[in-house]
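To keep things clear, I will list the structure first and then write my remarks on it.
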Amino acid sequence: APTYRPPKDDPHAQIASVERLTYVDEMLYHLQFHPIGASLAVFLPDYSTVKKGVYRGPTSIDSVYKCPHAVSIYAIEVVDRETIALVKSTHGTELGDKGYFRVSLDTMLVEVPYKGKNAHRDFAQPCSLLSRFCFPKLPPREV
């Protein structure tokens, strides 16, 4: 079914801008009020086998980077001095625990060039598994 879009002259039609957050501190502030979108670095088979554990990215020599994937962050917790994000993926309820799983915010990734091979652009600089934090910012509604 097509997506409904209100007519452009509708006074109640508001276009949301996307607020991009660059720092984890900003993300934590906004998370108090609503979920936050983020990009998750997907490594297989680690991502597909996370279940009720914590996703920490590549955990073996056989781990392969597939792509960034959009997730929603719903909560942050500290477990055994590790900062963990509770996220939901759009890959269905079979992943994690009914679509929800935990991601380490403490894991940092960087790819070191080896034998003339360039690092992947997503990992040329140290980064976390979750990045590109964002959420829709709605303008005030006129009454």
Side-chain angles (χ1 to χ4, degrees), residues 1-8 10 12-142:
T3 303
Y4 170 73
R5 297 185 189 281
K8 289 184 180 177
D10 182 341
H12 297 292
Q14 301 284 333
I15 305 290
S17 65
V18 174
E19 184 76 22
R20 297 210 182 273
L21 307 175
T22 53
Y23 301 105
V24 172
D25 290 342
E26 288 180 88
M27 183 269 296
L28 291 173
Y29 171 77
H30 289 283
L31 189 59
Q32 299 174 80
F33 310 108
H34 46 72
I36 299 291
S39 179
L40 174 69
V42 173
F43 289 86
L44 294 178
D46 316 86
Y47 175 74
S48 59
T49 60
V50 68
K51 305 226 184 289
K52 293 185 180 185
V54 176
Y55 177 68
R56 292 187 176 90
T59 57
S60 77
I61 195 73
D62 297 324
S63 298
V64 177
Y65 177 65
K66 284 301 184 183
C67 61
H69 177 67
V71 296
S72 297
I73 302 171
Y74 285 89
I76 303 293
E77 60 186 354
V78 177
V79 178
D80 296 330
R81 299 190 333 207
E82 181 178 19
T83 309
I84 306 289
L86 175 64
V87 304
K88 183 171 186 186
S89 173
T90 59
H91 283 140
T93 57
E94 293 78 33
L95 183 70
D97 184 14
K98 298 179 185 165
Y100 291 87
F101 59 100
R102 300 176 321 160
V103 176
S104 173
L105 285 175
D106 294 344
T107 300
M108 295 297 291
L109 303 170
V110 67
E111 184 175 12
V112 178
Y114 180 71
K115 292 186 178 180
K117 180 183 171 195
N118 291 331
H120 189 283
R121 69 174 186 264
D122 290 348
F123 309 113
Q125 299 294 321
C127 62
S128 65
L129 290 167
L130 289 166
S131 63
R132 301 180 187 128
F133 305 112
C134 63
F135 65 93
K137 185 175 180 182
L138 297 173
R141 185 174 177 144
E142 296 177 20

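Along the sequence shown, residues carry numbers from 1. What you see is a predicted model; the values in this text were computed from it and never measured.
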With a cut-off of 3.5 Å and sequence neighbours excluded, list every side-chain donor-acceptor pair involving residues 41-48.
{"unit_1": "Asp46", "atom_1": "OD1", "unit_2": "Ser63", "atom_2": "OG", "d": "2.7"}
{"unit_1": "Asp46", "atom_1": "OD2", "unit_2": "Thr59", "atom_2": "N", "d": "3.2"}
{"unit_1": "Asp46", "atom_1": "OD2", "unit_2": "Thr59", "atom_2": "OG1", "d": "2.5"}
{"unit_1": "Asp46", "atom_1": "OD2", "unit_2": "Ser63", "atom_2": "OG", "d": "3.2"}
{"unit_1": "Tyr47", "atom_1": "OH", "unit_2": "Ser89", "atom_2": "OG", "d": "2.7"}
{"unit_1": "Tyr47", "atom_1": "OH", "unit_2": "His91", "atom_2": "ND1", "d": "2.7"}
{"unit_1": "Ser48", "atom_1": "OG", "unit_2": "Pro45", "atom_2": "O", "d": "3.0"}

* Arg56 vs Asp106, side chain to side chain contact (heavy atoms under 4.5 Å, CB included): CA-CA, chis, key distance, verdict -> CA-CA 9 Å; Arg56 292 187 176 90; Asp106 294 344; over 6 Å; no
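- The main-chain N or O of Tyr29 is found under 3.5 Å from a side-chain atom of Gln32 such that the two form a donor-acceptor pair.
- Nearest heavy atom pair, residue Leu130 against residue Ala85, reads CD1-CB, 3.8 Å.
- The OG atom of Ser104 lies 5.0 Å from the CD1 atom of Ile84; values are rounded to the nearest 0.5 Å.
- Scanning for salt bridge (charged side-chain N to carboxylate O under 4.0 Å, His left out) contacts around Glu77 gives Arg102, with sequence neighbours left out.
- The heavy-atom pair separating Tyr55 from Leu129 by the smallest distance is O-CD1, 3.7 Å.
- Shown here are the side chain to side chain donor-acceptor pair (under 3.5 Å) partners of Ser60, two or more places apart in sequence or in another chain: there are none.
- If you take CG on Leu31 and CD1 on Ile76, they are separated by 5.5 Å, rounding to the nearest 0.5 Å.
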* Asked: What's the verdict on side chain to side chain contact (heavy atoms under 4.5 Å, CB included) for Val103 and Ile73, showing C-alpha distance, side-chain angles and the deciding distance?
  -> CA-CA 10 Å; Val103 176; Ile73 302 171; over 6 Å; no
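- For the pair Pro68/Arg132, a side-chain contact is recorded, criterion being any heavy-atom separation below 4.5 Å from C-beta on.
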* Please test Phe101 against Leu40 for side chain to side chain contact (heavy atoms under 4.5 Å, CB included), starting from the C-alpha separation and ending with a verdict. => CA-CA 12 Å; Phe101 59 100; Leu40 174 69; 3.8 Å; yes
